[in-house]
Amino acid sequence: MKHRLLTMVIALGVCSCARTPPDLQVVSDAADALGGRQKILAIKTLTIEGEGSSPNVGQNTMPDGDLPVWKVTEFKRTIDFAGGRMRTQQLRTAQFLFANSNTQRQDQGLDGDVAYNVAMDGTATRASANAMQDRRIEMLHNPIAIVRAALDEPNTTVSGLRSAQNQQIVEVKTAKGEMLTLAIDAATKLPARVTSMSDNPNMGDVAIDTAFLEYEDVGGVKLPKHYVTKIDKYLQFELKVTKNTLDEAGAAGVLAAPADAKSAEAPPAAPPIVVTAEPVGKGIWWLAGSGNHRSVVFEFDNHLTLFEVPLNEARSKAVIDKARTLSSKPLTQAVVSHHHFDHSGGLRVAVAEGLTIITYKANEEFFKDLVARRHTIVPDELEKNPKPLKLVVVDDALTMKDNSMEVQLYHLRDNPREGTNLFAYVPRDRILVQADLYDSTWMYHYWGENVITNIEKIRKLKVDKQVPIHGAIQSYRDMVKTIRSKPAPATD
Ligand SMILES: [Zn+2]
């Protein structure tokens, strides 16, 4: 009898283990804490309304300064869990000096494998496969979505259970191969955060982490009233929920991809890159082509110097390759005008190509960090062939001069938006080369007077022509006229 009882106990033990491994049990407990497995699985849609803020990562005045912020209002996100559909609408307003329209209405959707955007005039377009993948991950950065995926989606696996800092942590791998880390509060059993790894052109491998805070009860289901998403160490999005609604009447109606977007082919992740070279003076070329990020090449006695390696590895590699076709002299230097991500995106490939980097002194630590970071998710040239950073820092001004060329570099002083910006001046041709001081296509020129002061009063330069990183080549006279015609939006 005693023996038989023991056998039964063992059998029961084995049996319950086989049914629910501990990894899955933790998620199952989370489902119970959220309102019960059946209740969670029965939810059709969740509508989240609220407001918050969305900082511009990589666009601060100084590399370690506060980020410029978009204030987000009229935020509304609806998720259809079973259908894999999501739509997010929001209005964002720039809380910083922005050269274009400072309010933008955004409307983005996901319908299975189709990502789409709806413009303010109602036109829907298909978004890229990358956008589709990002939005799927974004949808899973929600406690109900991740718990449902872990418990109920065929071929989704849960593994790697461990404990840390009062949280139980598991790895969730979806049927599509997406990997997410789910942390569950050990005391409340509620999901505390979801983390996923992503590639960023500037920062490389980054964790995107969403914390779920201030749960409230909505019809027996626990839902966060506060979401905080970080990319690496930066705040990416913070949402304060004003209303959580389950199974709102008609909610599913807005989720289907518009026919035009659905039938269109997804645009390529990376549009083709064109680099043109236009001579703008003896031994000076403007490298334009596709996009609105240009570079300039200067030819010295025995080498070439590039001004700007913008955007990302692909654009900057194409620019470097083009520069090397312009002369038999070696390309040895790249000036990085400032630290903003769209201007320093080519830093790593320039280092990998052996170029010496010239930049303002305040960028030194930040650039050292960017060069040292790992890019294992999407390995770039520097990840594959690490090279040391060769850096020349400029303290206010630097003149590069030989028999063929003279280029003066100046720090842009006292600018409200650009704290680390270097612009270039060629005295022989009276050419100004600049990034973000002025763009002929901008709606407003908030810091235009500061730019004019830097050129005329502080540096006492005589400029005939401005050769920009953004916008069109213009005479200096036209530049000043444009700046003064639209200094800021009219206020009444
Ligand atoms: Zn720029």
Side-chain angles (χ1 to χ4, degrees), residues 54-63 65-70 94-102 104 200-203 234 271 273 275 286-297 306-316 318-319 334-350 357-360 362-363 366-367 370 394 409-425 432-452 454-455 466-474 479 482-483 486 488:
S54 160
N56 251 0
V57 177
Q59 295 291 332
N60 37 9
T61 303
M62 300 301 287
D66 291 341
L67 296 173
V69 168
W70 292 96
Q95 305 297 295
F96 53 95
L97 299 178
F98 187 56
N100 289 308
S101 173
N102 74 339
Q104 300 177 351
N200 176 274
N202 295 71
M203 296 188 282
Y234 302 104
I273 294 166
V275 183
W286 189 53
L287 305 192
S290 49
N292 190 19
H293 284 77
R294 288 69 183 264
S295 303
V296 174
V297 177
L306 185 59
F307 186 101
E308 214 71 318
V309 277
L311 279 180
N312 50 34
E313 179 169 88
R315 174 75 200 177
S316 285
V319 165
V335 177
V336 180
S337 69
H338 63 298
H339 69 282
H340 286 174
F341 276 3
D342 59 319
H343 294 264
S344 59
L347 171 69
R348 287 175 55 92
V349 70
I357 305 300
I358 302 170
T359 197
Y360 183 62
N363 293 328
F366 186 61
F367 281 12
L370 288 180
V394 177
L409 296 176
Y410 293 108
H411 176 230
L412 182 72
R413 288 195 201 155
D414 305 322
N415 187 281
R417 181 157 150 77
E418 303 279 326
T420 72
N421 197 306
L422 288 181
F423 60 93
Y425 178 65
L432 168 74
V433 174
Q434 57 80 22
D436 288 6
L437 274 58
Y438 166 80
D439 177 338
S440 56
T441 69
W442 282 345
M443 285 170 70
Y444 309 112
H445 302 274
Y446 290 100
W447 50 90
E449 284 302 328
N450 165 269
V451 168
I452 294 168
N454 266 272
I455 292 166
Q466 71 90 18
V467 176
I469 301 306
H470 302 305
I473 296 176
Q474 278 182 335
M479 168 179 152
T482 306
I483 284 172
K486 219 66 190 297

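Here the structure is a predicted model, which means the values were calculated and not measured. Just so you know, ligand 1 is whichever comes first in the structure, and atom 1 is the first atom listed for that ligand.
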* Structure fact -> With sequence neighbours left out, the residues meeting side-chain hydrogen bond (donor to acceptor under 3.5 Å, both in side chains) with Asn200 are none
* Asked: How about Tyr444 and Phe98: do any of their side-chain heavy atoms sit closer than 4.5 Å?
  -> no
* Asked: Would His339 and Asn60 count as having a side-chain donor-acceptor pair, cut-off 3.5 Å?
  -> yes
* To do: Would you check if there is a donor-acceptor pair between the side chains of His470 and Asp436 at a distance under 3.5 Å?
  => yes
* Metal environment of the Zn ion (ligand 1), protein N/O/S under 2.8 Å -> His343 NE2, Asp436 OD1, Asp436 OD2, His470 NE2
* Asked: Would you call the rings of Tyr410 and Phe423 parallel, tilted or perpendicular, where under 30° means parallel and over 60° means perpendicular?
  -> tilted
* For Asn56 and Gln59, test the side chains for any donor-to-acceptor distance below 3.5 angstrom and give the result as yes or no. => no
